[in-house]
Engineer: 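First the structure, then my questions, so here it is.
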Amino acid sequence: MSRDYVLQPYHSAIHLQIDYARELNPQQLAAVTAPPGPALVIAGAGSGKTRTLTYRVAYLLEQGIPPERILLLTFTNKAAGEMMRRVSDLIGRELRELWGGTFHSIGARILRTHADALGYRRDFTILDRDDSKDLIKACVADAGIETKGTHFPKPEVLNEIFSLAVNTHKFEKEILETQFSYFDQFADKIADVSQRYKKRKLATNAMDFDDLLALWLKLLQENADAREMYQRRFQFILVDEYQDTNKLQGDLIDLLAARTKNVTVVGDDAQSIYAWRGANFLNILDFPKRYPGANVFKIETNYRSTPEILQVANAAIAANRNQFPKTLTPSRKSGLKPALIACMDAAQQSAFIAQRVLELHEEGTSMNQIAVLYRSHFHALELQLELTKRQIPFSITSGIRFFEQAHIKDATAYLKLVTNPRDEIAFKRVAQLHPGIGGKGADKLWKIFSAETQTLKQIKNPIATALESCAPFVGKKAAVAWAQFVATAAQLEEEKAPAKMLRIVIDAGYDDYLKENFANARTRLEDLEQLAIFAYQFPTTEDFLTQLALLTNVEAENDNPKGDDERIRLSTIHQAKGLEFNAVFVIMLCDGLFPSARSMDDDEGLEEERRLFYVAITRARNELYLCYPLIRATGKYLYSNFGPGESQEMQSPSRFLSEIPKALLNEWNLRAGY
């Protein structure tokens with residue numbers, strides 16, 4: 001017979017240092033002072049999520065919970081540091097005993113203590129992505145897999161497949177079916193490499209980034225002593241940005257909280273926008289099902305935006321069926337109605353934004369407080385040209401510099417070479433895309449090619465002929481691919497339109513190269529399709545390449561602003577999450593662009609796109625402009641003989657705009673001034 005005996009912690013009478021009722025609004029206060037047990041805090045955009053979480057930690061400490069019994073999990077070291085600092089300021093002392101950090105940092109800390117239980121030594125190495133890639137490459141070689149001419153995925157792509165499988169708790173075959181279907185024929189070989197990779201890591205006492213979570217979970221699942229130790233240690237678990245957790249992270253939290261159920265998760269289901277990188281929307285949506293009786297708190301008072309912007313935000317997200325319904329309520333006074341602007345085309349859209357930005361600046365809005373947000377980087381190409389022409393300074397925060405990405409430079413290198421056969425850099429870049437050709441080989445081939453082009457100026461297709469002269473020197477690995485290169489060059493020499501030239505490059509095998517070498521091959525292919533559409537406005541390849549060079553330099557200059565220069569912000573919406581601006585322009589709101597074409601036939605994908613739209617709207621404090629072009633180049637005629645002007649098609653405004661009542665928007669009618 002057993003008996004449960006509750007050992008009550010002893011602490012002196014509580015004298016709260018913080019006046020929680022005065023410093024928090026009623027909704028925040030309810031979440032912060034919630035009794036022990038599971039709690040889901042749905043914190044709407046601009047509602048003080050971080051404030052709520054830090055005050056919750058402070059409240060637990062003031063209730064006598066020892067800091068070492070609290071676990072605070074975040075997604076970035078910066079967020080963890082900021083919260084720990086805020087809690088220390090509230091309590092008035094350092095809190096070194098409190099366990100706070102990213103999932104991976106906490107996992108590493110625990111695994112350093114228990115590595116031996118998993119067959120590792122405590123001095124295990126943590127592999128970075130390059131280390132992982134090298135180890136996977138060795139595993140492919142050990143497996144005796146023939147990669148020559150088979151389009152077998154490169155180590156970097158395999159690493160992404162393995163990572164997604166770990167973080168989503170799926171088999172590699174499932175990942176292949178849903179995201180890498182073009183590798184289905186290699187499913188068994190990829191599974192074999194995965195097993196070899198796991199064994200190699202164990203044999204070399206090394207863990208990759210994903211292992212810090214996967215092996216932490218395995219430890220808790222398989223080692224009863226460790227599981228009980230950490231379930232008892234962490235009496236209260238708090239999780240930030242819970243809507244962004246993946247299946248693996250969700251399972252970790254549930255297992256750690258299984259004994260006490262004292263878990264508080266904070267997030268906003270309406271801002272869950274990272275399914276493409278493994279985030280599991282069901283973690284937050286199904287929390288009340290996994291924790292029956294959980295308290296659900298909604299924090300809906302928004303301190304950021306005007307009432308008019310919040311009305312549009314509430315309307316924009318209302319159509320999503322899978323959500324916790326909530327209504328953002330304003331704390332600020334009334335302002336301007338958000339504007340809806342129909343533009344003739346991308347050029348007029350750019351002209352409108354440039355002119356309105358200057359007006360806002362003259363009215364007193366800092367350039368730093370103005371942002372243009374878009375679904376994909378290509379949506380802002382015309383705008384970059386217009387801003388540069390008008391000398392309006394801007395910075396780009398869309399991740400890596402767009403024109404510096406490998407696939408953009410690869411594709412345009414073909415065009416550069418055909419336009420200027422003396423371009424040594426372009427030749428060597430394209431040459432090294434072929435199997436078995438490295439720097440030295442490319443240099444040798446360049447000498448042959450450049451000598452040949454000097455003697456073949458008067459014949460048809462001199463570049464293809466010169467490339468054919470290189471064929472005996474490329475080696476067996478590249479023989480077939482080089483023959484294709486010769487044929488592609490001949491096609492490119494016959495074609496003058498840059499848009500069609502890019503299509504020739506893509507269809508001549510570069511699409512297969514992308515699939516083999518890049519985990520995000522589909523996205524990169526879409527980039528190139530859009531680059532071809534963008535190229536339609538240029539009459540010659542020389543004009544297109546000149547403008548591309550200017551845009552590349554613009555990116556470089558605006559990526560490193562000097563001093564305190566004021567600049568408007570150009571950003572993808574994903575990159576802008578968590579930021580806020582006085583004035584926000586959301587552009588290219590057309591079906592097929594935003595929402596993206598890929599998402600429009602899938603309910604889950606469409607709902608995520610709608611959440612992305614909601615995130616864009618809620619970045620705005622004072623003014624919001626929703627813009628779309630009536631006409632847009634589509635690339636429909638890339639295979640035809642039609643001219644650039646005939647590649648234009650009427651656009652359907654984004655379906656998201658039709659879901660917003662017209663009364664909430666102020667429609668601006670653009671007309672040309674003379």
Side-chain angles (χ1 to χ4, degrees), residues 7-12 14-20 23-24 28-29 31-41 43 48-114 212-213 216-217 219-220 226-242 244-245 249-250 252-267 297:
L7 186 63
Q8 300 292 346
Y10 171 79
H11 50 72
S12 55
I14 297 172
H15 300 289
L16 298 180
Q17 300 176 41
I18 302 166
D19 187 345
Y20 293 92
E23 299 195 25
L24 302 167
Q28 293 171 336
L29 181 66
V32 165
T33 60
L40 170 61
V41 182
K49 169 183 67 68
T50 302
R51 185 177 184 82
T52 301
L53 197 55
T54 52
Y55 272 81
R56 175 63 174 170
V57 176
Y59 182 78
L60 292 174
L61 292 168
E62 289 210 295
Q63 295 299 310
I65 306 300
E68 65 270 18
R69 297 286 189 243
I70 298 173
L71 174 63
L72 173 62
L73 291 167
T74 66
F75 271 85
T76 66
N77 289 316
K78 182 180 178 182
E82 174 66 13
M83 287 192 203
M84 301 280 271
R85 184 191 62 76
R86 288 198 196 184
V87 174
S88 295
D89 289 345
L90 286 172
I91 297 298
R93 61 185 172 87
E94 289 291 322
L95 293 167
R96 293 195 179 125
E97 306 95 333
L98 192 151
W99 284 57
T102 64
F103 282 86
H104 293 89
S105 67
I106 298 296
R109 182 175 175 181
I110 288 173
L111 290 172
R112 288 290 182 200
T113 304
H114 302 278
L212 300 179
L213 302 187
W216 177 15
L217 180 61
L219 174 73
L220 297 180
R227 180 171 63 251
E228 184 169 0
M229 172 184 173
Y230 288 105
Q231 285 178 343
R232 287 181 180 277
R233 174 186 287 277
F234 300 131
Q235 294 179 1
F236 287 86
I237 300 168
L238 301 97
V239 187
D240 187 26
E241 300 286 9
Y242 187 65
D244 294 335
T245 54
Q249 291 162 329
L252 265 169
I253 295 161
D254 290 347
L255 188 52
L256 283 169
R259 176 179 289 272
T260 66
K261 300 291 194 292
N262 291 334
V263 56
T264 299
V265 297
V266 181
F297 301 95

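Along the sequence shown, residues carry numbers from 1. Everything quoted here is computed from the prediction, not taken from an experiment.
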Engineer: Which value, rounded to the nearest 0.5 Å, describes the distance between Leu90 atom CG and Leu61 atom CG?
Structural biologist: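 Reported value, rounded in 0.5 Å steps: 10.0 Å.
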Engineer: Please report the closest heavy-atom contact between Ile65 and Arg69, naming both atoms and the distance.
Structural biologist: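 Closest approach of Ile65 to Arg69: CG2-CB, 4.2 Å.
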Engineer: Please round to the nearest 0.5 Å and tell me the distance separating atom CG of Leu217 and atom CZ of Arg227.
Structural biologist: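 Nearest 0.5 Å value for the CG-CZ distance: 10.5 Å.
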Engineer: Between Glu23 and Tyr55, is any side-chain donor less than 3.5 angstrom from a side-chain acceptor?
Structural biologist: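 Yes, because at least one side-chain N or O of Glu23 sits under 3.5 Å from a partner of the opposite role on Tyr55.
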Engineer: What residues, two or more places apart in sequence or in another chain, satisfy side chain to side chain donor-acceptor pair (under 3.5 Å) together with Thr52?
Structural biologist: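 None.
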Engineer: If only atom types and distance count, is the side chain of Gln231 paired as donor or acceptor with the main-chain N or O of Leu255 below 3.5 Å?
Structural biologist: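 Judged by distance alone, yes, a pair lies under 3.5 Å.
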Engineer: Just to verify, which of Leu238, Ile237, Val239 counts as forming a side-chain contact (heavy atoms from CB on, under 4.5 Å) with Leu72?
Structural biologist: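 By the side-chain contact (heavy atoms from CB on, under 4.5 Å) criterion, Leu72 pairs with just one of Leu238, Ile237, Val239: Leu238.
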Engineer: Should Lys49 and Val41 count as side-chain neighbours, where that means a heavy-atom distance under 4.5 Å?
Structural biologist: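 No, too far: nothing below the 4.5 Å cut-off.
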Engineer: Measure the CG-OG1 distance between Leu40 and Thr264 for me, rounded to the nearest 0.5 Å.
Structural biologist: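 Leu40 atom CG to Thr264 atom OG1 measures 9.5 Å (nearest 0.5 Å).
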Engineer: Where the side chain of Tyr20 meets the backbone of Tyr59, is there a donor-acceptor pair that is under 3.5 Å apart?
Structural biologist: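 Yes; judged by distance alone, with no hydrogens or angles, the pair exists.
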Engineer: Do Leu212 and Leu111 make a side-chain contact, defined as non-hydrogen atoms from C-beta onward lying under 4.5 Å apart?
Structural biologist: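 Touching, per the 4.5 Å side-chain cut-off.
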Engineer: Rounded to the nearest 0.5 Å, what separation is found between the CD atom of Gln249 and the OH atom of Tyr242?
Structural biologist: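 The OH atom of Tyr242 is 10.0 Å from CD of Gln249, to the nearest 0.5 Å.
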Engineer: Quick one: pull up OG1 in Thr54 and CG in Asp89 and give me the separation to the nearest 0.5 Å.
Structural biologist: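 One finds 10.0 Å between OG1 of Thr54 and CG of Asp89.
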Engineer: Counting C-beta onward and ignoring hydrogens, is there a side-chain heavy-atom pair between Thr245 and Phe75 closer than 4.5 Å?
Structural biologist: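 Contact flag for Thr245/Phe75 side chains = yes.
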Engineer: So which heavy atom on Thr74 is nearest to which on Ala79, and how close?
Structural biologist: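 The pair with the smallest heavy-atom distance is CB-CB, 4.3 Å.
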Engineer: For the residue pair Val57 and Leu98, establish whether any side-chain heavy-atom pair is separated by less than 4.5 Å.
Structural biologist: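 The answer is yes, as the side chains (C-beta and beyond) meet within the 4.5 Å cut-off.
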Engineer: Give me the atom names and distance for the closest heavy-atom approach of Val263 to Ala257.
Structural biologist: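 Heavy atoms only, the tightest pair is CB-CB, 3.9 Å.
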Engineer: Compare every heavy atom of Ala34 with every heavy atom of Phe297, then report the nearest pair and how far apart it is.
Structural biologist: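 Looks like CZ-CB, 3.5 Å.
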Engineer: Does any non-hydrogen side-chain atom of Val266 lie less than 4.5 Å from one of Arg56?
Structural biologist: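 Not in contact.
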Engineer: Does the pair Glu82/Arg86 count as a salt bridge with the N-to-O cut at 4.0 Å?
Structural biologist: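 Arg86 and Glu82: salt-bridged.
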Engineer: Would Phe236 and Gln63 count as a side-chain contact (heavy atoms from CB on, under 4.5 Å) if you check the C-alpha gap in whole Å, the side-chain angles of each, and the deciding distance to 0.1 Å?
Structural biologist: CA-CA 12 Å; Phe236 287 86; Gln63 295 299 310; over 6 Å; no
Engineer: With the side chain counted from C-beta on, respond yes when Trp216 and Leu256 share a heavy-atom pair under 4.5 Å apart, and no when they do not.
Structural biologist: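 Side chain of Trp216 against side chain of Leu256, heavy atoms only: contact under 4.5 Å found.
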Engineer: Using 0.5 Å steps for rounding, measure from the CZ atom of Arg233 to the CD1 atom of Ile70.
Structural biologist: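 If we round to the nearest 0.5 Å, Arg233:CZ and Ile70:CD1 are 12.5 Å apart.
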Engineer: Under 3.5 Å, side chain of Asn262 to main-chain N/O of Pro36, donor-acceptor pair present?
Structural biologist: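 No.
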Engineer: Could I get the full list of side chain to side chain donor-acceptor pair (under 3.5 Å) partners for His104, not counting sequence neighbours?
Structural biologist: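 So His104 forms no side chain to side chain donor-acceptor pair (under 3.5 Å) with any residue.
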